[in-house]
Amino acid sequence: MNDITCTSCNRNIIIINNSTIIEQSNNQEKFSRSKKYHEIHSVDYMLKHGFNELLKDKVQQNCYLTFSKNFKIQDLFETINGDTIISNRFYNNLIKNYKRHFIHKSETLCEESCISNNIELLKIIINDIDFNYKYLYNNNNNNNNNNNNNNNNNNNNNNNNNNNNNNNNNNNNNNNNNNNNNNNNNNNNNNSLIDLSIKNGSDLKILKFLFNNENVDISKNYSEKDILKNLFESKENKNKNYNEIANYLFNEANIDLGKCESSQFDTSIYLKLDLELFDKLYLNDKIIVDQNSLSFSCMDKLFDCTVGQLKKYIEFSILILERYLRIDDKSIIEKIKKLNLQPSTLNQSLSSFSIDNQDIKQLIEIYIIDLQELCSFRFQNQILNQLEYAIKYNELNYLSNLNQKIKLQKGIELCIEYGNSEALLEIISSQKINYNGSISASTSSSSSISLKTNYNNNHNNLDINEKFHNNSKNLKLFKYCLNDKEKQRIFLQTFLYHINCYLEKDYIFKLALKNDDLEIIQFIHHLMLIYGIRIHKSKHIISNNFLQFVESTKVLTYLCQNKKDFNFNYQSLLQRERFDLMECFEKFSIVSKNDCSIMNDETLSLSVLKFLHEKGYRCTYHNNSRIHSFSKYIDIGLIDFNNIDDELNNSTPLPPQQQQQQQQQLKFKDNIIYLYYLNEKLELFKLLDRNIQLSSLLLKELGKRCDLEIIDEFMSRYYQNEASKTPTKYLIHLLESAVKSGHLLVLQLLNEKYSFIFKTNIGKSFNNNNNKSLDCLQGPRLVELTLIAMENNYLDLVDYLIEAIGLMPNPIQILIQLKLRPSPSISYLLNRYNK
């Protein structure tokens, strides 16, 4: 329905000419100068701002589009993908209408199509003569070069029969060349589409299409000996379906497993393999296992795994130990069999079970303790799993034997999640420590601890002087004990008494704000006051940006009611654009309406500025002199050009504040750019009549914005015909600005209605000095427009400047441009002219 609506609207010529589009960022509407339909032509711009439907419509209508030199086709695949009628139609139109933008990167298109599972585009490119010839031409060239080398080598042998030394040298050269040829062939095969698809775990439909393709250069071009290496050792795609790909390769594609080289890969992959496939590889000696491969990377975060994953992990570990290390111990398997693990629990994560579930606890102990004792080496990153196990199940004796450095680094965070005050005391040895805990609004926190080995007997205080930086994402207060209020209170008392968060004293307070638990927030606030952690106007001020963590009006109401204890930063709330919280905050009149710094913040969106303006806040215009900021204040009504004259004629004295505002607005009356953005055409052209030199500034903006209506009106006023007296030197600013922005429509308008401005570039007019009004638009200056378009990779614009206007650079200029800023698409275009 959305596609139909968008398509129907864009078919309406009135809407196309007059509709405007507002930029969006992070799903929030941010102010930016509105753009008309015809003004938007950059594919990178549309993808960046999420204008997917607009892009689809422009491709379907074959509108003018530009692709930057750094344009990545994979960005397009990530945005518009899927085996649907709409996406298939889009890519058909894209190749049909914009082929020459992609013809130079056919190989990249094929590779990215395989990686992105875009089979429709892959079919289009391979079956298209232009693309197919270009792609196969590269591979055939390599093969032809190899054959030529062999022929040349043979000829050398025949020509040098009379000289044994020369023969030996040539034979050696032949061997070297043959080796190089073989290496080239191997490299080509290893980079084939089939190998690439196997490496990246492409969908099975991609592999089937490639293996069954009629073109043998595609279907037979792969490295059979590297099949297992590409399948198992490559980790580009973490969601690779090893079973599906392997079964297809060995059962349907008839890959000879005997010709495949053995592969050594991480044992974690075994967890994703069917037992039948594992045994098949094992019996054919295609698996190389050593002790290092038993460091299971998939178990780094043990408690995020499911019960079924851990159970399978242990069983595979026992199997590998029996087969490769000859360790035969059935006790672990017997322990697992005795556990009462219901089928319904196999897909649940280990963290979801309570500490009272003894079966889950025993399963974890089998992995952490029993399996470890069975092996003669330690598992990688096992210390973190052991630490979380000890804290969750309150195994203090086990916790005391773990590495103190790791405990201080990660253990405090785990205690915060589990609300375990006893484990916290064990970690810090019941001493007071300085803890550098910080938290950001992006739901991630980083913690660093500084410990000083000096011990202060008087204050029983242990400072930490070694710094660790541990990025703990999604740290959540009481993540695993949300309903145990008593346990939470005991932990908070322990934490605030023993832990000194010396950089952010409200560290635990911010975590509570993110949880949005008013009862806990009140309790922490009460404890902070008791323990002397002052929040307002003291040398121990807590960071004032806590408003960015508030989630509900009930919590914000409590904070505002106790405003004497807090130091508020209104900007941190305004940036979030939570208008419900902003309305609640305004009820308490905490911030003065005369504080101009609030509205002077140029990062605030248009909607937030409107909200503040309605609440009575004001700003100082001179601090917002940039064009985009100025236009924001126009839209919210702070600047009303039409009322300036009425206020000047009014004899009634105005209040001082309004007089200052009037004086500031008067400055805008003589600014050509401001008049343009105020849409005051009459005043704008009056100002130009008085001072035509201001047109340089205006024309730069018109060319950048592609405002065809104002450009046409300007040209009809000052450049009606070739005899116009207005110097054309100002027009170069319009032309350069339009070309830099890639606006082909501006060039088309000028060439169709005012072509005389380009006549200096045609024939004898180059040296025509009779018309003084045209003396500034010399040929070399105009030819630079083509070079600018080349630099920005505006393919159609370059074509138009050369074909329609005749602005063809000389060979030296082209050579310099392509050497300094090479562009494959521009090179491809210029080759056509050279022919």
**Prompt:** Are any side-chain N or O atoms of S737 and backbone N or O atoms of L734, one a donor and one an acceptor, separated by less than 3.5 Å?
**Reply:** no
**Item:** H41 and Y794 aromatic ring geometry - parallel, tilted or perpendicular at 30°/60° bounds
**Value:** perpendicular
**Message:** Per the salt bridge (charged side-chain N to carboxylate O under 4.0 Å, His left out) rule, what does the pair list look like for residues 586-596, sequence neighbours excluded?
**Reply:** E586-K593
**Prompt:** Under the side chain to side chain contact (heavy atoms under 4.5 Å, CB included) test, which residues partner L745, sequence neighbours left out?
**Reply:** H38, C706, L708, Q748
**Fill in**
Value for CD (Q561) from CG (L556), rounded to nearest 0.5 Å, stands at 10.0 Å
**Asked** Just wondering, more than 12 heavy atoms not from K487 lying within 6.0 Å of its NZ?
**Response** yes
**Request:** Return yes if a side-chain donor-acceptor contact under 3.5 Å exists between D707 and Y676, otherwise no.
**Result:** yes
**Prompt:** Which word best sums up how the rings of F51 and Y45 line up, parallel for under 30°, tilted for 30 to 60°, or perpendicular for over 60°?
**Reply:** tilted
**Asked** Would K479 and E413 count as a salt bridge (Lys or Arg N to Asp or Glu O under 4.0 Å) if you check the C-alpha gap in whole Å, the side-chain angles of each, and the deciding distance to 0.1 Å?
**Response** CA-CA 11 Å; K479 183 177 180 179; E413 292 181 356; over 6 Å; no
**Asked** Is any side-chain heavy atom of S68 less than 4.5 Å from a side-chain heavy atom of D44?
**Response** yes
**Message:** Could you go through K514 and L477, starting from their C-alpha distance and side-chain angles, then the distance that decides it, and tell me whether this counts as side chain to side chain contact (heavy atoms under 4.5 Å, CB included)?
**Reply:** CA-CA 8 Å; K514 292 178 67 174; L477 180 64; over 6 Å; no
**Request:** Determine the minimum heavy-atom distance between R576 and L547, stating which atoms define it.
**Result:** NH1-O, 2.9 Å
**Atom CG of N483 with >12 non-hydrogen neighbours under 6.0 angstrom** = no
**Asked** Do you know which two heavy atoms are closest between I598 and L604, and how far apart they sit?
**Response** O-CD1, 3.3 Å
**Message:** Quick check: do K56 and Q61 have side-chain heavy atoms less than 4.5 Å from each other?
**Reply:** no
**Prompt:** Does the S741 side chain pair with the main chain of A738, one donor and one acceptor, at a distance under 3.5 Å?
**Reply:** no
**Request:** Only one of L414, I412, I416 passes side chain to side chain contact (heavy atoms under 4.5 Å, CB included) with L424; say which it is.
**Result:** I412
**Asked** Looking just at side-chain N and O atoms, do Q488 and D517 make a donor-acceptor pair shorter than 3.5 Å?
**Response** no
**Asked** Should we say atom OH of Y497 is surrounded by more than 12 heavy atoms from elsewhere, each under 6.0 Å from it?
**Response** no
**Request:** Inspect the contact between E39 and K704 and indicate whether a charged nitrogen and a carboxylate oxygen are less than 4.0 angstrom apart.
**Result:** no
**Prompt:** Between Y37 and D57, do the side chains contain an N or O donor and an N or O acceptor separated by less than 3.5 Å?
**Reply:** yes
**Request:** With the side chain counted from C-beta on, respond yes when C415 and I391 share a heavy-atom pair under 4.5 Å apart, and no when they do not.
**Result:** yes
**Complete:** Applying side chain to side chain contact (heavy atoms under 4.5 Å, CB included) to K392 and not counting sequence neighbours gives F303, I355, Y418
**Asked** Can you tell if the side chain of I433 reaches within under 4.5 Å of the side chain of H498, non-hydrogen atoms only?
**Response** no
**Item:** Minimum heavy-atom distance A512-I524, with the two atoms named
**Value:** CB-CD1, 3.5 Å
**Asked** So, are R489 and E519 salt-bridged, with charged N and O less than 4.0 Å apart?
**Response** yes
**Message:** Tell me every residue that passes ring pair (Phe, Tyr, Trp, His ring centres under 6.0 Å) with F71, counting only those two or more places apart in sequence or in another chain.
**Reply:** F67
**Request:** Say whether T603 and D601, considering side chains only, have a donor N or O and an acceptor N or O under 3.5 Å apart.
**Result:** yes
**Message:** The test is side chain to side chain contact (heavy atoms under 4.5 Å, CB included); show your working for K485 and I520 and say whether it passes.
**Reply:** CA-CA 8 Å; K485 296 297 181 183; I520 292 299; 4.3 Å; yes
**Request:** Can you see which heavy atom on H525 is nearest to which on D565, and at what distance?
**Result:** NE2-OD2, 3.1 Å
**Item:** Evaluation steps, side chain to side chain donor-acceptor pair (under 3.5 Å), between N52 and T79
**Value:** CA-CA 8 Å; N52 302 334; T79 305; 4.8 Å; no
**Request:** Output yes when K58 and E53 qualify as a salt bridge under the 4.0 Å nitrogen-oxygen rule, no when they do not.
**Result:** no
**Complete:** By ring pair (Phe, Tyr, Trp, His ring centres under 6.0 Å), F585 pairs with (sequence neighbours left out) F568, Y570
**Message:** Can you tell me how far apart NE2 (H733) and CG (L699) are? Round to the nearest 0.5 Å.
**Reply:** 8.0 Å
**Message:** Side chains of D580 and T553: any donor to acceptor distance under 3.5 Å?
**Reply:** no
**Item:** Flag, side chain of S592 to backbone of N594, donor-acceptor distance under 3.5 Å
**Value:** yes
**Message:** For a 4.5 angstrom cut-off between non-hydrogen side-chain atoms, does E388 reach L384?
**Reply:** no
**Request:** Any chance you could lay out the side chain to side chain contact (heavy atoms under 4.5 Å, CB included) test for L609 and M599, step after step, and finish with the verdict?
**Result:** CA-CA 7 Å; L609 287 175; M599 286 197 70; 4.0 Å; yes
**Item:** Chi angles and distances behind the side chain to side chain contact (heavy atoms under 4.5 Å, CB included) call for E680, K686
**Value:** CA-CA 10 Å; E680 290 290 337; K686 283 183 180 180; over 6 Å; no
**Request:** Provide the closest heavy-atom pair for V550 versus S552 in the form atom of the first, atom of the second, distance.
**Result:** CG1-O, 3.5 Å
**Fill in**
Output for pair (H743 NE2, L702 CG), nearest 0.5 Å, gives 11.0 Å
**Item:** Minimum heavy-atom distance L688-L694, with the two atoms named
**Value:** CD2-C, 4.0 Å
**Message:** When you compare the side chain of R578 with that of E551, does any pair of heavy atoms fall below 4.5 Å?
**Reply:** yes
**Request:** Check whether any side-chain heavy atom of L574 lies under 4.5 Å from a side-chain heavy atom of M582, and answer yes or no.
**Result:** yes
**Item:** Residues that F478 engages under ring pair (Phe, Tyr, Trp, His ring centres under 6.0 Å), provided they are two or more places apart
**Value:** F491
**Message:** Quick one, E486 and D484 - any side-chain contact, counting heavy atoms below 4.5 Å?
**Reply:** yes
